[in-house]
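Working notes, structure below.
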Amino acid sequence: MSNGRIINIISNKNYESRKTARLLSVKLADKGLIPSEAYDKDAELNICIGGDGAFLRAIHRNAFPQIPFVGINTGHLGFFQEISPKEIDSFIDRYLKGDYKTENIFLVDAKVCTKSKCFYLTGINEIVIKGVKSKIVHLEVYIDNNHLERFSGDGLIVSTPAGSTGYNFSAGGSIVYPSLPSLQITPLAPISSSAYRSLPNSAIIPGGSIIMIKPEYRYENSILVVNDGMEFKYEGIVSIDLTLSPNSIYKLNFSKDMYWNNLKSKFL
Ligand code: NAP
Ligand code: MN
């Protein structure tokens with residue numbers, strides 16, 4: 001246990017990120033902080049360097065820590081990574097002055113039950129239910145035990161507010177402000193024909209609700225569950241319950257306008 005103020009630096013392996021990590025490390029030490037490149041559980045802040053993928057992996061690998069995150073973007077898009085390498089000095093100054101707010105990042109929980117066992121997943125962006133080998137899926141969708149639809153198509157994305165600008169957005173889903181406790185169900189190539197009828201657009205579900213997805217029994221072995229881009233396959237899926245997680249992770253926010261400025265600069 002150290003009495004100093006430890007700051008974890010979690011960097012991906014590319015050249016630009018490593019260079020930024022070294023620079024950051026020197027600058028933090030200059031201000032009397034203790035940079036740590038090995039993950040220290042007693043740290044007060046996690047600084048993640050890379051793109052959104054690096055941010056997502058840092059959270060999964062460190063088991064959704066309660067230590068807040070801030071991201072320095074050296075990636076392609078870097079939606080979560082709001083600080084640019086050029087802004088390191090002003091970021092450190094503002095951090096030391098406490099000139100920021102700590103924002104909640106809502107998470108999505110999935111309980112995947114097979115005939116023999118239930119498995120638990122937590123996602124930051126989204127959990128996707130789709131078919132293996134590009135097969136169509138037929139899914140019964142219930143909200144709080146009310147039958148909503150029998151979906152046919154490529155699959156369904158269940159995204160968090162923070163994930164709404166990821167896969168969800170590309171699939172035509174809406175952008176949801178990160179402080180709104182909600183989940184969004186977005187169809188992937190829904191079929192609406194005289195044979196099948198699926199909702200063509202996404203639906204935003206309040207945080208307290210349970211989204212239950214049951215694959216048609218003929219398809220119970222053809223379902224792929226994709227958590228923030230990582231694939232999971234289970235035998236004999238009976239049901240998948242998706243809920244807004246009671247747990248959150250935390251991210252520093254340096255300006256209330258950051259979200260809208262970030263959105264405009266990254267998407268328009
Ligand atoms: P990747 O293939 O590098 O990611 C795809 C792109 O999505 C990257 O440009 C990534 O930014 C960006 N991204 C990730 N999370 C985002 C968010 N919350 N808001 C806006 N953009 C975001 O794989 P990855 O970096 O490991 O990311 C996994 C994520 O990719 C998944 O969670 C899913 O949201 C997304 N995805 C998107 C599509 C699609 O749009 N058609 C398909 C599959 C997966 P960086 O360049 O900064 O990494
Ligand atoms: Mn990426």
Side-chain angles (χ1 to χ4, degrees), residues 10-18 20-21 46-62 64 69-85 87 103-110 121-134 137 153-190 202 204 224-233 242 244-245 248-253 258-268:
I10 309 168
S11 171
N12 69 11
K13 300 263 183 287
N14 75 42
Y15 177 79
E16 193 55 33
S17 301
R18 282 164 177 269
T20 304
N46 290 324
I47 305 180
C48 180
I49 304 173
D52 289 324
F55 180 80
L56 298 172
R57 281 186 291 279
I59 293 162
H60 279 280
R61 281 186 192 154
N62 296 298
F64 297 85
F69 281 83
V70 69
I72 301 178
N73 185 31
T74 56
H76 291 118
L77 185 73
F79 198 76
F80 285 112
Q81 305 285 87
E82 287 156 326
I83 309 225
S84 89
E87 297 165 332
E103 178 192 336
N104 249 34
I105 306 269
F106 291 114
L107 304 169
V108 54
D109 279 342
L121 299 173
T122 299
I124 303 145
N125 272 342
E126 76 285 291
I127 294 181
V128 186
I129 316 299
K130 47 161 66 168
V132 294
K133 298 182 182 151
S134 307
V137 289
D154 283 3
L156 291 169
I157 301 173
V158 178
S159 78
T160 63
S164 66
T165 47
Y167 198 178
N168 169 73
F169 185 60
S170 311
S174 292
I175 289 168
V176 176
Y177 196 76
S179 63
L180 290 172
S182 56
L183 291 174
Q184 181 166 187
I185 313 180
T186 300
L188 287 167
S202 66
I204 297 175
L224 201 58
V225 181
V226 191
N227 182 8
D228 292 334
M230 293 168 287
E231 292 186 349
F232 295 84
K233 173 92 174 64
L242 297 126
L244 197 70
S245 179
S248 296
I249 54 154
Y250 302 93
K251 193 159 81 66
L252 303 191
N253 188 339
M258 190 141 109
Y259 184 79
W260 300 112
N261 295 335
N262 195 26
L263 192 68
K264 182 164 180 182
S265 71
K266 305 236 156 118
F267 285 106
L268 293 169

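Order of listing sets the numbers, starting from 1, for every ligand and every atom in it.
Proximity of atom 1 (P) of ligand 1 to the protein is not indicated, since no non-hydrogen protein atom lies closer than 4.0 angstrom. There is no protein heavy atom closer than 4.0 angstrom to atom 23 (O) of ligand 1. Distance screen at 4.0 Å: atom 6 (C) of ligand 1 has no protein heavy-atom neighbour inside the cut-off. Distance check on atom 32 (O) of ligand 1: some protein heavy atom falls below the 4.0 Å cut-off.
The side chain of E126, and not its backbone, has at least one atom closer than 4.0 Å to an atom of ligand 1 (non-hydrogen atoms only; side chain from C-beta on). With a 4.0 Å cut-off on non-hydrogen atoms, Q81 does not touch ligand 1 at all. Counting heavy atoms closer than 4.0 Å to ligand 1, residue F80 contributes side-chain atoms (C-beta onward) but none from N, CA, C or O. Contacts between A162 and ligand 1 below 4.0 angstrom, taking non-hydrogen atoms only, involve the backbone exclusively.
Distance from atom 36 (N) of ligand 1 to its nearest protein heavy atom, with residue and atom name: Y167 CB, 3.8 Å. Remark: minimum distance from atom 28 (C) of ligand 1 to any protein heavy atom is reached at L56 CD1, 3.7 Å. Nearest protein neighbour of atom 45 (P) of ligand 1, counting heavy atoms only, is D52 N, 3.6 Å. In this structure, the protein non-hydrogen atom closest to atom 15 (N) of ligand 1 is N125 ND2, 2.9 Å. Taking atom 25 (O) of ligand 1 as the reference point, the nearest protein heavy-atom neighbour is G53 CA, 3.1 Å. Regarding atom 21 (N) of ligand 1, its nearest protein heavy-atom neighbour is L77 CD2, 3.1 Å. Taking atom 40 (O) of ligand 1 as the reference point, the nearest protein heavy-atom neighbour is S170 OG, 2.5 Å.
The closest donor-acceptor contact from the side chain of E82 to the backbone of N262 lies at 3.5 Å or more, if one exists at all. A donor-acceptor pair under 3.5 Å links the side-chain atoms of Q81 to the main chain of G50, judged by distance alone. A distance-only check finds a donor-acceptor pair linking the side chain of N73 to the backbone of G75 [under 3.5 Å].
Looking at residues two or more places apart in sequence or on another chain, you find a side-chain contact (heavy atoms from CB on, under 4.5 Å) between R61 and R57.
Side-chain contact between I124 and F64 is present, with heavy atoms from C-beta onward closer than 4.5 Å. Counting only heavy atoms from C-beta outward, the side chains of N62 and I10 approach each other to under 4.5 Å. The side-chain heavy atoms of V128 and L188, taken from C-beta on, include a pair separated by under 4.5 Å.
For ligand 1, the atoms lying closer than 4.0 Å to a non-hydrogen atom of R57 are 26 (O).
Residue pairs meeting the side chain to side chain donor-acceptor pair (under 3.5 Å) criterion with at least one member in residues 160-169, sequence neighbours excluded, are K130-Y167, N168-T186.
For atom 47 (O) of ligand 1, the nearest non-hydrogen atom from the set A54, G71, G78, G75 comes from G78. For atom 17 (C) of ligand 1, the nearest non-hydrogen atom from the set T74, I157, T165, D228 belongs to T165.
S17 and S11 are not linked by any side-chain donor-acceptor pair at a separation below 3.5 angstrom, with hydrogens and angles left out of the test.
For an aromatic pair to be called close, the ring centres must be under 6.0 Å apart, and F55 with F79 fails this. Taking the six-membered ring for Trp and the full ring otherwise, F69 and F80 have centroids separated by 6.0 Å or more.
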